[in-house]
Structure formats: C-alpha cells, structure tokens
Amino acid sequence: FVGEDRVWLQEMEMPGLMVTRSLGDEIAASVGCFAEPEMVRRVVDVSKHMFMVIASDGVWDVLDNQTVVNLGAKAKTAKQAVQSIMEAAESGWEEKNRGDNITCVVVRFYAEGEEVPED
C-alpha cells in the first residue's frame, strides 16, 4: 500500500487505521490496537485551564493549537466552542479543496460553586 503507515488485517484491506488506539474496535484490537480506554483522573486548576478539546485529525490537520484555543476561549459555552471549531475546520478543508471527517468534543471546566450555563 502507498501512503501513511496503517494497521491492516493480513487477509483484508481493513481496518486501515493510522492510530494505536481504537476504542471498542475488536477487529483493530486483533491487529495490535488497544480497544480498552485508558482512564486517568486529574485535578484541573480552573484558573489556568478553561476547557479541554478532544478532536480528530479532521480538526488538527487544518487548525493549529492556538487557533483552536482562541476559538474555544471566545465561546461562552462548550456547544458554541464546538460549533466554532467545527466551522473553522470545515473552512480549512474547503480552502484545500479536500475534506476529512471532523470530530470535536469540548469539555469546559468550572470552579466549585461557579454557575454553569445551559447550552
């Protein structure tokens, strides 16, 4: 196969993954990917960290970290942050006349007792 290194089953052209983790994917697990999530608990200093962005390469291939941080920081809610990041990623792909799957999750952090807006 030509292109990026991928994980393939020996007998088939699947799953064709470029990752080492694929949550819940038993076929990918059979060729060396981890199907079980790794769980970690952290205390977050909300005075320094407002939110966390979890996104696919459909975001990171067209937006740099600072752009994503700026978009997230301007948004009043996690839902608005996701919408802004997704729209910017879509625009980035349109400029390249290409496309990719775009997945984005934003987790907002709030201090204890801080009012949490409804989305």
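Numbering starts at 1 and runs along the sequence shown.
For the residue pair S84 and L71, the shortest heavy atom distance occurs at O-CD1, 4.0 Å. Contact record, A81 with A75: N-CB, 3.3 Å, taken as the closest heavy-atom pair. Nearest heavy-atom pair, C104 versus M86, reported as atom, atom and distance to 0.1 Å: CB-SD, 3.7 Å. Contact between K96 and D61 at its shortest, heavy atoms only, is NZ-O, 3.8 Å.
The backbone N or O of G58 sits less than 3.5 Å from a side-chain atom of W93, completing a donor-acceptor pair. Counting only distance, with no hydrogens or angles, the side chain of W60 and the backbone of A55 share a donor-acceptor pair below 3.5 Å.
Counting heavy atoms from C-beta outward, V105 and V53 have side chains that stay 4.5 Å or more apart. Counting only heavy atoms from C-beta outward, the side chains of I102 and E90 approach each other to under 4.5 Å. Side-chain contact between F51 and V44: absent, with no pair of heavy atoms (C-beta onward) separated by less than 4.5 Å.
The CD1 atom of I85 sits 12.5 Å away from atom OG1 of T103, with the distance rounded to the nearest 0.5 Å. With rounding to the nearest 0.5 angstrom, the CG atom of D100 is 6.5 Å from the OG atom of S56.
Using a 3.5 Å distance cut-off with no hydrogens or angles, the side chains of T67 and D64 do pair a donor with an acceptor.
Pairs of residues two or more places apart, or lying in two chains, never qualify as side chain to side chain donor-acceptor pair (under 3.5 Å) while including a residue from residues 105-115.
The hydrophobic cluster containing F109 also contains I54, counting ILVMFWY residues as joined when their side-chain heavy atoms lie under 4.5 angstrom apart, directly or transitively. When hydrophobic clusters are built by joining Ile, Leu, Val, Met, Phe, Trp and Tyr residues whose side-chain heavy atoms come closer than 4.5 Å, directly or via intermediates, V69 is not grouped with M52.
Atom CG of D45 has more than 12 neighbouring heavy atoms from other residues, nucleotides or ligands inside a 6.0 Å radius.
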